[in-house]
Each structure stands twice: as C-alpha cells, then as structure tokens.
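The structure appears right after this line, and notes come after that.
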Amino acid sequence: MSPGMSLYSVNAIVILSSDDGSRIFSKYYTPPHAAAGAPGTGVAAGLASSNASQNPYPDKTSQTRFEKGLLQKTAKQTGDILLYDNKVVLYKMESDVAIYVVGSADENEVLLYNVLLALRDSLHMLFKQSIDKRTIVENYDLVSLAIDEIVDDGVVLETDPTIIIQRCSKAPPADVNLSRLDPFTEQGVNNLAQLGKAKLTDWLRQGL
C-alpha cells in the first residue's frame, strides 16, 4: 500500500437545509492513529501537529464556517463534485436539503460518490418518500443508524442500500403476532423463544 492510501476515506458527512443553510446532521471523522512526529520534534508536538492537519475542523465554529461556505459554493454549481477548502466534496440536492460527503483532496472520487449514493438511496428506501428536512428530523434515529452502517470512523463499511436498510429496520416475522403472545403460557414461551432464535440467526447472517 502506498503512503498516500488509507482506509480512512471519509472526512465528514453533512446534511444542510438548502433554504437557510442550517445544520440538520453532521458527523466529522478523525483517523484514530496519528502519524509519528517529524525527526527532531517531541512526540507530543508531533501528535498535536498531526491531529491538527488530520482534523481541520476541530470545533463547532470551524465546522459552521466550513458548512456555510460549502452551501454558498454548491448553490452556484450544477454538478455533483467540487474541490472546496482543499477537500473533495460530493453532494446531492434533495428537495429542501443538501447532502455532502467530504474527503481529502487525494481521495478516490468514485468511492466517495458511492457513499453519497448509498446514503441517498437508503434514505429514500427508509422514508418511502422524498428526502426533506421535516422527514429527516422526524426520523433522525434512522438517519444516524444508516450513516453509521455506511461509514465508521471514516472507514467505508457498506454501500449496498438494501443491506443498510435491513440493518436499520428489521420487522418481526409476519407469522408472529406479538400483541397476541401471552408470555405466561407454555405456548407463549415457545413462541417468544422461536422469535428470539430467528432474530439471532438474522443478526449473525448480517455480521452484527
């Protein structure tokens, strides 16, 4: 693997309101392993310098400034990709929201675009309707789960929307009516045991 390659491909995933630029969702990632300091410098100084370069948006102020500028920049664009603040940004406009996937300047654009499409398509399938600010706020837990299934600490885990939504929303089997189960009867205990076994099997198959 060349020195420039890394598993930590995604720097941030951001969802903004295209109307007023307010933040709906954002998650910034910093690689957990900092590079060693330069020769002749202390370890602490080297780590601090590395962390600063790896995470250029360490606080809310810098993140808000980046997001505001990003929305202003993409409002004038017609494509899906741009270079902003020395970052490669892939984005999609959906109704009244803008979805961004941010990577370093030398990151693979195709990989980042696949992450963007996976997120957009997963939200469409989860919501069963268009992606808008109100729906995202009302289903914030599902949005967070979907993003965590796609990216973990900047590492791309999954880009198949079908698998992602299965891990975010797993309905009980159709032949088991939970409202009619009486856990204090032998039949109720058996039914609950079967349901638990089926769920455990599904989780193991999905690698959870």
Side-chain angles (χ1 to χ4, degrees), residues 1-31 52-127 129-133 135-136 140 142-165 168:
M1 180 179 290
S2 66
M5 296 181 66
S6 171
L7 288 174
Y8 303 97
S9 306
V10 180
N11 294 155
I13 293 179
V14 181
I15 303 177
L16 303 177
S17 169
S18 57
D19 293 332
D20 55 10
S22 60
R23 174 190 291 184
I24 303 174
F25 178 95
S26 70
K27 197 161 190 178
Y28 290 79
Y29 304 98
T30 303
S53 62
Q54 289 177 350
N55 184 13
Y57 316 110
D59 52 44
K60 186 176 180 180
T61 301
S62 59
Q63 293 172 6
T64 302
R65 187 184 307 114
F66 171 75
E67 293 165 8
K68 292 287 187 182
L70 187 60
L71 186 62
Q72 293 175 358
K73 186 77 171 179
T74 52
K76 305 175 183 178
Q77 303 290 328
T78 57
D80 296 327
I81 182 173
L82 59 84
L83 185 65
Y84 175 73
D85 199 22
N86 201 33
K87 301 289 181 184
V88 173
V89 181
L90 281 298
Y91 65 96
K92 287 286 185 183
M93 297 293 183
E94 294 283 335
S95 185
D96 59 351
V97 301
I99 305 174
Y100 300 95
V101 175
V102 183
S104 61
D106 57 351
E107 191 51 67
N108 187 328
E109 298 91 344
V110 176
L111 175 62
L112 297 178
Y113 191 66
N114 286 335
V115 171
L116 176 64
L117 293 181
L119 176 56
R120 184 200 63 178
D121 294 345
S122 297
L123 295 183
H124 272 298
M125 296 170 72
L126 284 169
F127 298 160
Q129 58 185 351
S130 63
I131 302 172
D132 55 56
K133 180 177 180 179
T135 307
I136 291 176
Y140 198 84
L142 290 179
V143 176
S144 299
L145 286 173
I147 291 176
D148 287 343
E149 290 294 340
I150 298 171
V151 177
D152 181 33
D153 280 342
V155 180
V156 179
L157 300 180
E158 184 59 69
T159 58
D160 186 339
T162 304
I163 296 177
I164 294 167
I165 65 170
C168 294

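Computed from a predicted structure; not experimentally measured.
Take S9 and apply the side chain to side chain donor-acceptor pair (under 3.5 Å) test, not counting sequence neighbours, and it matches no residue. Under the rule for a salt bridge (Lys or Arg N to Asp or Glu O under 4.0 Å), the partners of D148 that lie at least two apart in sequence or sit in another chain are K27. Looking at residues two or more places apart in sequence or on another chain, you find no side chain to side chain donor-acceptor pair (under 3.5 Å) involving S95. Annotation: side-chain contact (heavy atoms from CB on, under 4.5 Å) contacts of K73 (sequence neighbours excluded): Q77, L82, Y84. Under the side chain to side chain donor-acceptor pair (under 3.5 Å) criterion, D132 pairs with T135, sequence neighbours left out. Remark: Y140 engages F25 in a ring-ring contact (aromatic ring centres under 6.0 Å, His included) (not counting sequence neighbours). Applying the side-chain contact (heavy atoms from CB on, under 4.5 Å) criterion to Q72, with sequence neighbours excluded, gives no partner residue. Annotation: side chain to side chain donor-acceptor pair (under 3.5 Å) contacts of D152 (sequence neighbours excluded): none. Partners of R65 according to the salt bridge (Lys or Arg N to Asp or Glu O under 4.0 Å) rule, which considers only residues two or more places apart in sequence or in another chain, do not exist here. With sequence neighbours excluded, no residue forms a salt bridge (Lys or Arg N to Asp or Glu O under 4.0 Å) with K133. Checked against salt bridge (Lys or Arg N to Asp or Glu O under 4.0 Å), E67 has the following partners two or more places apart in sequence or in another chain: R23. Under the side-chain contact (heavy atoms from CB on, under 4.5 Å) criterion, D153 pairs with no residue, sequence neighbours left out.
Here the closest non-hydrogen pair linking L90 and V88 is CD2-CG1, 3.7 Å. Here the closest heavy-atom approach between residue Y100 and residue V89 is recorded as CD2-CG1, 3.7 Å. Shown here for H124 and Q129, the closest heavy-atom pair between the two residues is ND1-O, 3.4 Å. Nearest heavy-atom pair across A98 and M93 is CB-SD, 3.4 Å. Closest of all the heavy-atom pairs between A118 and I164 is CB-CD1, 4.2 Å. The two residues L157 and E149 have their closest heavy-atom pair at CB-O, 3.6 Å.
Between the Y113 side chain and the N108 main chain, no donor and acceptor come within less than 3.5 Å of each other. With hydrogens and angles ignored, the 3.5 Å screen pairs no side-chain donor or acceptor of T159 with any backbone N or O of V115.
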Practice task
Before giving the answer on side-chain contact (heavy atoms from CB on, under 4.5 Å), spell out for Y8 and E107 the whole-Å C-alpha distance, their side-chain angles and the decisive distance to 0.1 Å.
Solution key: CA-CA 10 Å; Y8 303 97; E107 191 51 67; over 6 Å; no

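Taking 4.5 Å as the limit, some side-chain heavy atom of M125 sits within range of a side-chain heavy atom of T162. Taking 4.5 Å as the limit, some side-chain heavy atom of V156 sits within range of a side-chain heavy atom of V10. Between F127 and I136, some side-chain heavy-atom pair lies under the 4.5 Å cut-off. Taking 4.5 Å as the limit, every side-chain heavy atom of V143 sits out of range of all side-chain heavy atoms of I24.
Between L112 atom CG and I13 atom CD1 the span is 9.5 Å, to the nearest 0.5 Å. Rounded to the nearest 0.5 Å, atoms CG (L116) and CG (L111) are 11.5 Å apart. Atom OG1 of T74 sits about 11.0 Å away from atom CG of D80, to the nearest 0.5 Å. One distance of note links CG of L126 with CG of L145; it measures 9.0 Å at 0.5 Å rounding. A distance of 10.5 Å separates OH of Y28 from CG of D59, quoted to the nearest 0.5 Å. In this structure, OG in S26 is found 13.0 Å from OH in Y57, a value given to the nearest 0.5 Å.
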